[in-house]
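What follows is a single structure, written as structure tokens, with notes after it.
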Amino acid sequence: MYITTTIAYVNARPHLGYALELVQADVLARHHRRRGEPVRFQTGTDDNSLKSVLAAEAEGVPVRELVDRNAAAFEGLRETLDLSFDSFVRTSAQPRHRAGVERIWQAVGHDLYRRHYEGLYCVGCEQFYPQGPCPDGHAAPLQHVSEENWFFRLSTYQDALSDLIRSGRLRIEPAARRNEVLAFVEAGLEDISVSRSAARARGWGIPVPGDPSQVVYVWWDALANYITALEGGDYDRWWVDEPRKVHVMGKGVIRFHAVYWPAMLLSAGEPLPTEIFVHDYVTAGGRKISKSAGGGADPVALVDAYGVDAVRWWLLREVPRVGDVDFTEERLVARADEDLANGLGNLVNRVATMVHRFLDGHVPPAGERLVEVRVDEALDAFDFRRAAGEVWRIVEEANRYVERTRPWKQSRAGQEASLGTLVAACRELAVHLEPFLPTAAARVAAAVGGERLPRPEPLFGRLAPAGAHG
RNA sequence: GGGGCGGUAGCUCAGCCGGUCAGAGCAUCGGACUCAUAAUCCGUGGGUCGUGGGUUCAAGUCCCACCCGCCCUACCA
């Protein structure tokens with residue numbers, strides 16, 4: 001499986017919504033790796049945005065400096081969030097990206113033409129609008145732009161795109177998003193502008209091949225990353241031969257991924273992605289997360305305060321498949337205490353303690369399996385919350401099993417049987433948990449690993465109430 | 001304006017093709033237990049399933065209209 005996240009703009013530091021996307025993709029990547037499937041998990045940053053230019057100007061630092069600094073913050077999420085991506089794209093820094101963008105541009109040449117364009121451009125959205133103000137409420141006023149640009153014959157691909165989506169060759173999940181895209185496509189597509197004047201872009205970006213007065217539209221540039229990062233030996237393996245190519249993204253950029261991008265690929269004669277998964281947004285305390293406001297929505301600060309397991313767990317266990325979700329530190333803490341401390345941590349601790357107390361730490365042979373869990377189908381439906389719930393059934397069943405068998409009242413033989421079952425359940429739990437909480441899974445595995453268990457220690461303490469920490 | 005998605009117990013939400021679908025978790029209350037991180041397990045209470053119609057032997061579950069929230073898209077002067 002080739003799995004990608006969107007590449008983030010680097011005009012600001014990463015926020016919790018982007019962490020959601022990364023963690024979801026990470027779960028898919030780890031899950032499929034665990035099943036022995038080849039996986040390439042790729043993320044990165046979109047450096048070539050005019051936003052970055054403006055953010056740098058506002059700060060009074062060179063663009064390159066701001067972009068490099070913020071890109072490093074995004075790449076640093078690998079450690080912060082326990083991510084397992086194999087590849088990190090930097091669209092401004094990698095020659096292969098630029099070469100790839102140029103190659104695709106030329107391959108699409110038969111669908112490109114020059115046209116005069118006039119419109120109101122919102123730098124915040126990197127989009128044109130027929131009239132103001134910008135619907136997202138970006139502060140910067142719309143710029144009246146009048147220039148000649150390169151246009152792409154998107155209108156030619158309306159039927160092909162419709163067919164692609166209806167036939168399921170391009171699967172869009174959840175279905176609501178699929179319907180949305182179909183409605184957009186079948187309402188009629190117009191050609192789109194795919195370049196900007198180099199002057200207006202302050203020279204930042206990738207020049208249009210053969211036309212130095214223009215730079216490639218940032219979205220074209222950005223979308224291309226999914227294959228330019230493969231230029232060289234990886235391309236055939238991951239874009240031509242790989243049966244599953246999954247793009248993960250937020251709902252705000254579906255059109256680019258489900259319409260423009262496939263159309264570009266069709267025009268260029270390239271293979272297409274197979275799946276598009278769209279997540280909704282995280283709000284913080286009932287408000288939309290703004291990139292500038294860190295507040296309670298800074299994933300790095302949250303991990304510092306509560307630990308990576310608590311943050312990942314909240315993102316996976318609490319975020320519904322459809323619909324925005326509101327984040328508060330109270331909810332994160334409540335979920336972590338209930339599930340990680342009281343549920344998982346306490347289970348492992350009580351099991352290990354009993355093994356020590358009744359069996360001198362020696363692990364008896366595994367007995368019956370307590371419960372079958374089905375994370376596969378939940379993850380195939382990109383339902384992370386349900387998948388996490390499936391894993392958790394082991395915790396619930398194991399706790400019930402303890403109450404049912406009461407090892408402290410059993411004979412030696414009974415204790416060996418019940419604790420053998422329980423240790424085996426905890427070990428299986430660690431395996432299933434790995435894609436979701438790699439750190440926690442390793443600790444569980446260590447606590448119930450070996451012929452003789454280590455001295456038990458609490459795995460997860462209770463978290464301080466929100467706001468009470470220093 | 002067009003399209004889409006939500007509106008189900010105090011809170012967060014499951015409920016696919018109509019007939020144990022009126023549920024889960026948390027919170028509340030009661031009980032059990034003592035291996036464990038004042039953890040765990042069992043049970044109780046609580047909802048006219050947004051509103052009004054319709055189809056059907058039977059509708060949160062299908063159809064229509066409307067109200068509320070959100071998203072996408074487009075703007076008729």
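Chain identifiers are assigned alphabetically (A, B, ...) following the order of the sequence lines, protein sequences preceding nucleic acid strands; residue numbering begins at 1 within each chain.
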Any idea how A:H247 and A:W261 line up, ring-wise: parallel (<30°), tilted (30 to 60°), or perpendicular (>60°)?
-> tilted
Counting side-chain heavy atoms from CB outward, which of B:U37, B:C41, B:C26 is closest to A:E338?
-> B:C26
Would you mind checking if A:R30 and A:D82 are paired as a salt bridge, meaning a charged N to carboxylate O distance below 4.0 Å?
-> no
Pairwise C1' distance for B:C66 and B:G23, with rounding to whole Å | 29 Å
Contacting residues from residues 381-401 of chain A, given that a heavy atom lies under 4.0 angstrom of RNA chain B = A:R385, A:N399, A:R400
Counting just side-chain N and O atoms, does A:R178 come under 4.0 Å of either OP1 or OP2 of B:G4?
-> no
Say whether A:Y217 and A:N149, considering side chains only, have a donor N or O and an acceptor N or O under 3.5 Å apart.
-> no
Would you say the side-chain atoms of A:S155 and A:E190 include a donor-acceptor pair closer than 3.5 Å?
-> no
Check every strand shown and say whether A:R406 touches a base, only sugar-phosphate, or nothing at a heavy-atom separation below 4.0 Å.
-> sugar-phosphate
Integer angstrom distance from the P of B:C68 to that of B:U28 | 36 Å
Between B:C33 and B:U51, how far apart are the P atoms? Round to whole Å, please.
-> 45 Å
Which residues satisfy the side-chain contact (heavy atoms from CB on, under 4.5 Å) test with A:R317, sequence neighbours excluded?
-> A:W313, A:R335, A:D339, A:R385, A:A388
Paired stems touching RNA chain B, three or more consecutive Watson-Crick or G-U pairs with both distances under 3.5 Å?
-> B:1-7 with B:67-73, B:10-13 with B:23-26, B:29-32 with B:40-43, B:50-54 with B:62-66
So, A:E457 and A:R455, do they make that salt bridge, N to O below 4.0 Å?
-> no
Hey, is the side chain of A:N346 pairing donor to acceptor with the base of B:A36 inside 3.5 Å?
-> yes
